[in-house]
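Below: one structure, written as structure tokens.
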Amino acid sequence: MKKRIITAIVLILLLLPITVLNYPKWVFNIFQVVMLLFVIMGALELIHMYEKEKPIKIVVQVVIIVLSLLTYMNVGGMIAPLNPQVLPGLFLITLNLNPVIILSFVTVILLSLLVFIDDFSGSDLGKAFTIINYIGLGAASITILRYLGVRFIVYVALISMMTDIFAYFFGIAFGKHKMAPRISPKKSWEGAIAGTFFGTIIASSFAIFYGVIFSPDGFLGYIFNPDGYQTIFDNFTSIGNEHLLIQALIIIPITLLGSISAQIGDLVASKLKRNYKIKDFGNIFPGHGGILDRFDSIIFIGIMFLGIFILIKQFYPM
């Protein structure tokens, strides 16, 4: 427990500044470099997990990691439909290609491995696609949310953390009905419902009353909300011009979906580990496991929210 607490404190001290600060502007560049390392290490964790079944040739590992990085590096192409109004001076390290181009290259290259690598099978093809999309697209989604503004990435983090915390404690105190005993025996429906309820309430309140919590003239407002945004939709979509009640009726269901997705993401990671008989994806974080052990829920929320926000912008542009 001591090791776990120390690791958590170190992670907070290292990751919090680059996640929530935009000044100086190069802080965002450091965040992007960290995400590049995230992609490499996350891909390696899944590769090593799959190797529990059979060895994966080095050339295949390299191809998977490169294609994961290629998918991630095209954040500019993915963000184009959002047409975001971001903080001037933020530099996005990106390829700016149409996502279809990346998808085409990834598909052709992976299918070609079936021909040129003798023991590369159809199931290996599925594993490679899983790694590239789960890690590459997941990391890109997180970076896009961070690029859109601190309020978006904090919103996602709140959904993940509050859902996890309340699900854990309510599950311990009141959990009687197992939710997925074959995947994660300790998770209960009571904990899941409590986590979803409180996670939705807390994160929705943040998104709806962002301008109240971080008033430009108030405590930390000049850092987190210098432009005086009132809600998470303000200056992002025309929904931000609607009455607060209308925005709340949209934000709350989105947050609810996010909270449910966080728990599904956690169960997906647990199912993978159980299938391949591993306790953790890695050991880079003492007491916590690997990259994916810590960020499985946020990856899942990030991917879903990227789709939701693009959909919102398509129907309700600025």
Side-chain angles (χ1 to χ4, degrees), residues 19 35 71-72 74-86 92 94 98-100 102-103 132-164 192 195-211 229-269 295-318:
T19 303
M35 292 308 298
T71 300
Y72 168 73
N74 195 41
V75 288
M78 296 183 210
I79 205 173
L82 292 171
N83 190 25
Q85 304 295 317
V86 299
L92 191 61
T94 180
N98 188 307
V100 176
I102 302 298
L103 181 60
I132 293 165
N133 284 288
Y134 186 37
I135 304 300
L137 181 59
S141 301
I142 294 170
T143 300
I144 289 170
L145 291 169
R146 171 68 175 83
Y147 183 63
L148 290 176
V150 172
R151 53 186 165 152
F152 288 94
I153 195 66
V154 173
Y155 171 55
V156 168
L158 273 176
I159 295 174
S160 177
M161 290 189 297
M162 293 300 103
T163 299
D164 186 55
T196 298
F197 177 79
F198 287 104
T200 300
I201 293 297
I202 294 171
S204 293
S205 298
F206 172 85
I208 296 168
F209 301 109
Y210 182 75
Y229 297 141
Q230 295 305 303
T231 70
I232 198 167
F233 284 147
D234 202 2
N235 201 42
F236 173 70
T237 166
S238 58
I239 296 174
N241 300 324
E242 299 291 339
H243 189 277
L244 197 63
L245 179 60
I246 300 297
Q247 295 190 56
L249 291 175
I250 297 172
I251 289 171
I252 292 173
I254 291 174
T255 312
L256 176 66
L257 284 174
S259 181
I260 293 171
S261 294
Q263 298 184 72
I264 294 175
D266 186 51
L267 288 171
V268 167
F295 301 103
D296 50 6
S297 297
I298 290 181
I299 289 173
F300 220 79
I301 302 173
I303 294 173
M304 191 193 73
F305 273 16
L306 177 61
I308 288 176
F309 288 150
I310 289 176
L311 191 64
I312 288 174
K313 284 285 283 190
Q314 181 173 335
F315 288 99
Y316 300 97
M318 284 292 294

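All residue numbers in this chain count up from 1 along the given sequence.
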**Prompt:** Asp164 and Ser297: side chain to side chain contact (heavy atoms under 4.5 Å, CB included), yes or no, with the steps?
**Reply:** CA-CA 9 Å; Asp164 186 55; Ser297 297; over 6 Å; no
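Ring geometry for Tyr155 versus Phe206: interplanar angle under 30°, hence parallel rather than tilted (30 to 60°). Ring geometry, Phe236 versus Phe233: the interplanar angle falls under 30°, so the pair is classed parallel (tilted spans 30 to 60°).
The shortest distance between side-chain heavy atoms of Ile208 and Gln247 does not fall below 4.5 Å. In this structure the side chain of Asn133 never reaches within 4.5 angstrom of the side chain of Thr71, judged on heavy atoms. Side-chain contact between Tyr72 and Thr143 is present, with heavy atoms from C-beta onward closer than 4.5 Å. Side-chain contact between Tyr147 and Thr94 is absent, with no heavy-atom pair separated by less than 4.5 Å. Asp296 is not listed as a side-chain neighbour of Val268, based on a closest heavy-atom distance of 4.5 Å or more. Put simply, the side chain of Asp266 does not reach to within 4.5 Å of the side chain of Thr163, judged on heavy atoms.
Here the CG-CD1 distance, from Leu306 to Ile301, works out to 13.5 Å after rounding to the nearest 0.5 Å. For the atom pair CD1 of Ile250 and OG1 of Thr231, the computed distance is 10.0 Å after rounding to the nearest 0.5 Å. If you take CZ on Phe295 and CD1 on Ile135, they are separated by 12.0 Å, rounding to the nearest 0.5 Å. Put simply, CD1 on Ile264 and CZ on Phe300 are 6.0 Å apart, with the number rounded to the nearest 0.5 Å. Rounding to the nearest 0.5 Å places OG of Ser204 at 7.0 Å from CD1 of Ile159. Atoms CD1 and CD1, on Ile232 and Ile254 in that order, are 8.5 Å from each other to the nearest 0.5 Å.
Nearest heavy atom pair, residue Thr19 against residue Arg146, reads O-NE, 2.8 Å. A pairwise comparison of heavy atoms in Tyr229 and Tyr210 identifies O-CD2, 3.7 Å as the closest pair. Met304 and Ser261 get closest at one heavy-atom pair: SD-OG, 2.9 Å. Here the shortest heavy-atom pairing between Gly199 and Met162 reads CA-CB, 3.8 Å. Of all heavy-atom pairs spanning Ile303 and Gly138, the tightest one is CG1-CA, 3.6 Å.
No more than 12 heavy atoms of other residues, nucleotides or ligands sit less than 6.0 Å from atom OH of Tyr316.
Of the residues listed (Val156, Asp234, Leu145), the one engaging Arg151 in a side chain to side chain contact (heavy atoms under 4.5 Å, CB included) is Asp234, and it is the only one.
Under the 3.5 Å distance criterion, the side-chain polar atoms of Thr237 are left unmatched by any main-chain donor or acceptor of Lys313.
Judged by distance alone, the side chains of Thr196 and Gln263 do bring a donor and an acceptor atom under 3.5 Å apart.
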